[in-house]
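Because the structure is predicted, anything quoted here is derived from the model rather than measured. All heavy atoms count here, side chains included; hydrogens, waters and symmetry mates do not.
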Amino acid sequence: MCGIFGVIGQDTNAVQTTFNGLKDIEYRGYDSWGIASWNIEDGIWKIEKNTGFLPKIMDSRFRGNDGVGLAIGHTRWATHGGVTQINAHPHKDCSGKLVLVHNGIVENYLELKKTLKSHNLKSETDTEVIVHLIEEALKKNGLNQAVLNIFQKLRGLNAIVVSDGNEIIAAKVGSPLIAGVGNGKLFIASDPNALLPHTKKLVFLQDNQLIRLNKELELYNSLNSRKLQPIITTVPWEHSTSGLQKYKYFLEKEIYEQPKALRNIAQNAKEVEQVAGMIRKAYGTFFIACGSASYSCLLGVYLFSKIAKKHVNFSVGSEFNYIEDYIKPKSLVVAVSQSGESIDTLEPVLSAKKHGAKTVALVNVLGSTLYRSVDFPVLLRAGVEKAVCSTKALTAMFAHMVFLSYCLVGKRKTAQKIILESAREIESILKRRSAIKNLAGKIFHQKNIFILGRGLSYPVAMESSLKIKENAYIHAEGFAGGELKHGVIALIEKNTPVIVFVPEDETKQAILANAMEVKARGAFIIGVGPENNPVFDFFFKVRDVGASSVIPHPVFAQLLSYYLALKLGLNPDRPRNLAKSVVVR
Ligand code: GLU
């Protein structure tokens, strides 16, 4: 999964344009980056690439191709081949005339590589195979036909952008690509947001389409090489961007933005009421999501049962495929995603559509692939989320589940009231954050942290453990309170931290009993809830806000994971091995 950006035309500084474009899409992968720019006078490609994050600003190494009109760039999330400079994209052919960037996995690359014995491949990537195959195909065809021929041979979900210095050719199956039509310039990118500073006239490539950007823009069906009429859509969207302001890290800033996001959500009842109406009418409702978003769906299962006495199904996106057979045309599939680009969430939506089901998205990014793919998109209204670990988008998802479950039984106002109360409680937690910082100082050297919750707090426990894993690289596991004793209790040692969520609800006595069970084995009990208890070794008060208590509770874990990361010298905005949006299977 990666970010792609390219530009061709009357651009006096294609390199800077591409660099800025990559900044907008670096969330898609930050193992390495690279930019190839074409110098017409010398007739050569200048390629700058390296491991790690994009440099903060364009520095001296980019000089030399300042005035060029063609550049393509890439930010990588490695799938095939280590995180090295050689494996970073763009890749070149043997002649040095072609450069190529790629998003996806060429599933048959080993088989294809066997046909390239006479070629000198330098990297371990599946990507490099493609550019050498195109070089071979160029012996008999022009570039456009050569790319068409080779793209058909690639198995898997792939997007490629290739150039010979005269034109840019891009093709896709699965992974997103959007072309932009500017004034004397044409663009290509993995995310429409990166194009919006330049143009609002966009061509959303469909699967099995190839686009040729030269002086004009030409579109082809990549399966049969037939020319197609491109549909240019003028979108009303604004470029969304977010600065650090007074904060050092986006993670911290976004944790602080949660009360504002919640107030925004509480005011937007119209779409939520519409989705509640769709759930009411549906033959069955199926929620799908990945990572943090999947815990919001699990929460939905509990909330819909408790508040609306309604059964809904849930599956993580990558498993939907194996349990989708009972989806009917009257079913409703609700996909939940921050970025709207996770392939594991998008594929189930396409499958659900094949079954004839109606589709809804709860999604944070306007214009994302998911936003455009469903029958009814609802924006989560959390605002731009840049840190890799989701905080305010997750809170927005939890709040939407609370909102939906109450709207299902006509209690919109109750939902609005408790969502606003949860915003106030988050403000109170933020004011008391130094207690959480002190706790991080006590437990940062631990190798295991366990987190327990029952009922509505079970998804909260799961989400909290993910935050700690992502930000602090400490093994953390969330459990339904009753489950730990069925095996994992064997891992409890003296001083193992166990966080217990204890709201004032029907789970209270049972979860306190679970806390006692692990305390008896030496655990260090961290209690979170409205009331202190003798079993707690550390207590952090979070006032109860009914079913909405699930909204402030994860904020405790967000802050804990943030302070653990700082204590361990880690960058909380860029956890290792991750990308903000997971766009490969
Ligand atoms: N499979 C390619 C690689 O590992 C592309 C990965 C990506 O989409 O970033 O380089």
Side-chain angles (χ1 to χ4, degrees), residues 31 77-78 83 249 251 255 289-296 298-299 316 318-319 344 387-391 394 436-454 457-502 511 514-515 517-528 536-538 540 553-580 582:
D31 283 335
W77 189 82
V83 179
Y249 295 105
L251 187 70
I255 289 173
C290 307
S292 281
S294 77
Y295 303 132
S296 77
L298 180 62
L299 176 67
V316 291
S318 54
E319 289 295 311
D344 288 333
V388 169
C389 287
S390 187
T391 53
L394 177 278
I436 302 175
K437 190 175 177 184
N438 292 343
L439 174 67
K442 278 200 190 106
I443 64 170
F444 72 97
H445 55 277
Q446 294 287 341
K447 34 179 213 304
N448 292 310
I449 297 178
F450 296 99
I451 307 173
L452 307 182
R454 282 177 173 252
S457 301
Y458 168 41
V460 174
M462 303 291 282
E463 161 59 15
S464 301
S465 73
L466 185 58
K467 286 287 100 66
I468 293 171
K469 279 183 271 209
E470 287 176 311
N471 281 326
Y473 314 160
I474 296 176
H475 171 243
E477 269 192 81
F479 280 96
E483 270 299 296
L484 189 76
K485 60 183 179 293
H486 293 284
V488 180
I489 200 162
L491 296 179
I492 301 287
E493 294 172 354
K494 190 166 169 10
N495 291 330
T496 303
V498 177
I499 301 171
V500 212
F501 288 106
V502 193
I511 196 76
N514 298 139
E517 290 155 12
V518 285
K519 191 177 172 88
R521 278 136 187 107
F524 176 77
I525 308 292
I526 300 159
V528 182
F536 301 152
D537 297 298
F538 176 95
F540 190 80
H553 277 177
V555 178
F556 168 81
Q558 293 168 2
L559 285 167
L560 180 61
S561 71
Y562 172 69
Y563 288 122
L564 283 170
L566 294 187
K567 191 79 198 160
L568 292 161
L570 304 170
N571 179 345
D573 283 346
R574 291 279 192 265
R576 71 180 174 208
N577 300 341
L578 299 180
K580 179 87 183 135
V582 184

| request: Tell me, with the steps shown, if L452 and V498 meet side chain to side chain contact (heavy atoms under 4.5 Å, CB included). | output: CA-CA 7 Å; L452 307 182; V498 177; 3.9 Å; yes
| message | For a side-chain hydrogen bond (donor to acceptor under 3.5 Å, both in side chains) check, start with the C-alpha distance between S318 and D344, then their side-chain angles and the critical distance, and finish with the verdict. | response | CA-CA 5 Å; S318 54; D344 288 333; 4.7 Å; no
| Where do I492 and F450 land on the side chain to side chain contact (heavy atoms under 4.5 Å, CB included) test, with the steps shown first? | CA-CA 9 Å; I492 301 287; F450 296 99; 3.7 Å; yes
| request: For F479 and V488, run side chain to side chain contact (heavy atoms under 4.5 Å, CB included): C-alpha distance rounded to whole Å, both residues' side-chain angles, the deciding distance at 0.1 Å, then the answer. | output: CA-CA 10 Å; F479 280 96; V488 180; 3.4 Å; yes
| Step by step, would you call N471 with Y562 a side chain to side chain contact (heavy atoms under 4.5 Å, CB included)? | CA-CA 7 Å; N471 281 326; Y562 172 69; 5.6 Å; no
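Between the CZ atom in F524 and the CG atom in L439 there is a gap of 6.0 Å [rounded to 0.5 Å]. The distance from atom CG of D537 to atom NZ of K519, rounded to the nearest 0.5 Å, is 3.5 Å. Considering OG of S457 and CD1 of I451, their distance stands at 12.0 Å, rounded to 0.5 Å. Atom CG of L564 and atom CD of Q446 lie 10.5 Å apart (nearest 0.5 Å). Between L251 atom CG and Q558 atom CD the span is 7.5 Å, to the nearest 0.5 Å. The NZ atom of K442 sits 12.0 Å away from the NZ atom of K567 when rounded to the nearest 0.5 Å.
You'll find the side chain of L484 reaches within 4.5 Å of the side chain of V518, heavy atoms only. Side-chain contact between I449 and H475 is absent, with no heavy-atom pair separated by less than 4.5 Å. Side-chain contact between I443 and I474 is absent, with no heavy atoms from C-beta onward closer than 4.5 Å. At least one side-chain heavy atom of C389 sits less than 4.5 Å from a side-chain heavy atom of P575.
Between F540 and F556, the ring planes lie tilted relative to each other; the angle falls in the 30° to 60° range.
F501 approaches A461 most closely through the heavy-atom pair CE1-CA, 4.2 Å. Here the closest non-hydrogen pair linking G291 and S294 is O-OG, 2.6 Å. When all heavy atoms of A515 and V500 are compared, the pair lying nearest together is CB-CG2, 4.1 Å. Taking every heavy atom of both residues into account, I526 and P497 meet most closely at CD1-CB, 4.0 Å. Of all heavy-atom pairs between A472 and S561, the closest is CB-O, 4.5 Å. The minimum heavy-atom distance linking S390 with E463 is given by the pair O-OE2, 4.1 Å.
With sequence neighbours left out, the side-chain hydrogen bond (donor to acceptor under 3.5 Å, both in side chains) criterion links K469 to no other residue.
A side-chain donor-acceptor contact under 3.5 Å links D31 to the backbone of A78.
Looking at R521 and E517, no side-chain N of the basic residue comes within less than 4.0 Å of a carboxylate O on the acidic one, giving no salt bridge.
Looking only at atom types and distance, the side chain of N571 has no donor-acceptor partner in the side chain of R576 under 3.5 Å away. Side-chain contact of K467 with S292: a donor-acceptor pair under 3.5 Å is present, judged by distance alone.
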